[in-house]
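Data first, discussion second: the structure below is written as structure tokens.
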Amino acid sequence: MHAAPSNDVGMLEDIQLLWEDLQGLSHDRFRLAALETRRAGQSLITMVAAAVMLGLLLSAAWLGLQAAGVQWLIEHDLRTSSAILFAVAFNLLLALSLLGLIRRRSRYLQFPATQHSLKPVSKDFANKDIR
């Protein structure tokens, strides 16, 4: 009977040590998650800045191509105003096609399959399965 209290004290010490180890591990994991979140945020900022610069460079290149196209049309006996109007119409058609692409793809931003799977089963359907 005397062995039971010392056995309980040893078990309590083991539980306390285990609890302290668990707290240390959870602290380390939270610290690691915080550090990785900081690194991900810095990477996102770098990527957005690079994307903005890339967008500006591509816009300048596109304007250069448009100017070269207008110049080519003018050199081939098209009036300046008609050549510029042709370039504007081409840009508008391209913008409309990209807008259509954005509209078609935007429905996937709402996770339609996930939303459908989270809807509760109707009572009629549930009763049908039970029978």
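Bear in mind the structure is a predicted one, so any value in this text is a computation, not a measurement. Residue numbers count from 1 along this sequence.
Here the side chain of S82 pairs no donor or acceptor atom with the backbone of L78 at under 3.5 angstrom.
Residues meeting the ring pair (Phe, Tyr, Trp, His ring centres under 6.0 Å) test with H76, sequence neighbours left out: W72. Under the side chain to side chain contact (heavy atoms under 4.5 Å, CB included) criterion, L94 pairs with W62, S97, L98, sequence neighbours left out. For Q16, the side chain to side chain contact (heavy atoms under 4.5 Å, CB included) partners are E20, not counting sequence neighbours. In this view, R39 and S43 satisfy the side chain to side chain contact (heavy atoms under 4.5 Å, CB included) rule, not counting sequence neighbours. Applying the side chain to side chain contact (heavy atoms under 4.5 Å, CB included) rule to R103 yields no partners; only residues at least two apart in sequence or on another chain are considered.
Here the straight-line distance linking atom CD of E13 with atom CG of L18 works out to 13.5 Å at 0.5 Å rounding. Rounding to the nearest 0.5 Å places CD1 of I102 at 10.0 Å from CZ of R104. Put simply, CG on L63 and CG on N91 are 8.0 Å apart, with the number rounded to the nearest 0.5 Å.
With V48 as the fixed residue, the side chain to side chain contact (heavy atoms under 4.5 Å, CB included) test singles out one of T46, L44, I45: L44.
No continuous path of ILVMFWY side-chain contacts below 4.5 Å connects L73 to F90, so the two sit in separate hydrophobic clusters.
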Show me the donor-acceptor pairs, under 3.5 Å and distance only, between side chains in residues 26-34 and residues at least two apart or in other chains.
from, atom 1, to, atom 2, distance (Å)
S26, OG, L22, O, 3.3
S26, OG, Q23, O, 2.9

Pairs of donor and acceptor atoms involving the side chains of residues 52-60, under 3.5 Å and at least two apart or interchain, shall be tabulated with distances.
from, atom 1, to, atom 2, distance (Å)
S59, OG, G55, O, 2.9

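Residue L12 shares its hydrophobic cluster (ILVMFWY side chains chained together at separations under 4.5 Å) with no other residue.
Heavy-atom minimum distance, Q115 versus Q110: NE2-O, 3.0 Å. Among all heavy-atom pairs drawn from V70 and A87, the shortest one is CG2-CB, 3.7 Å.
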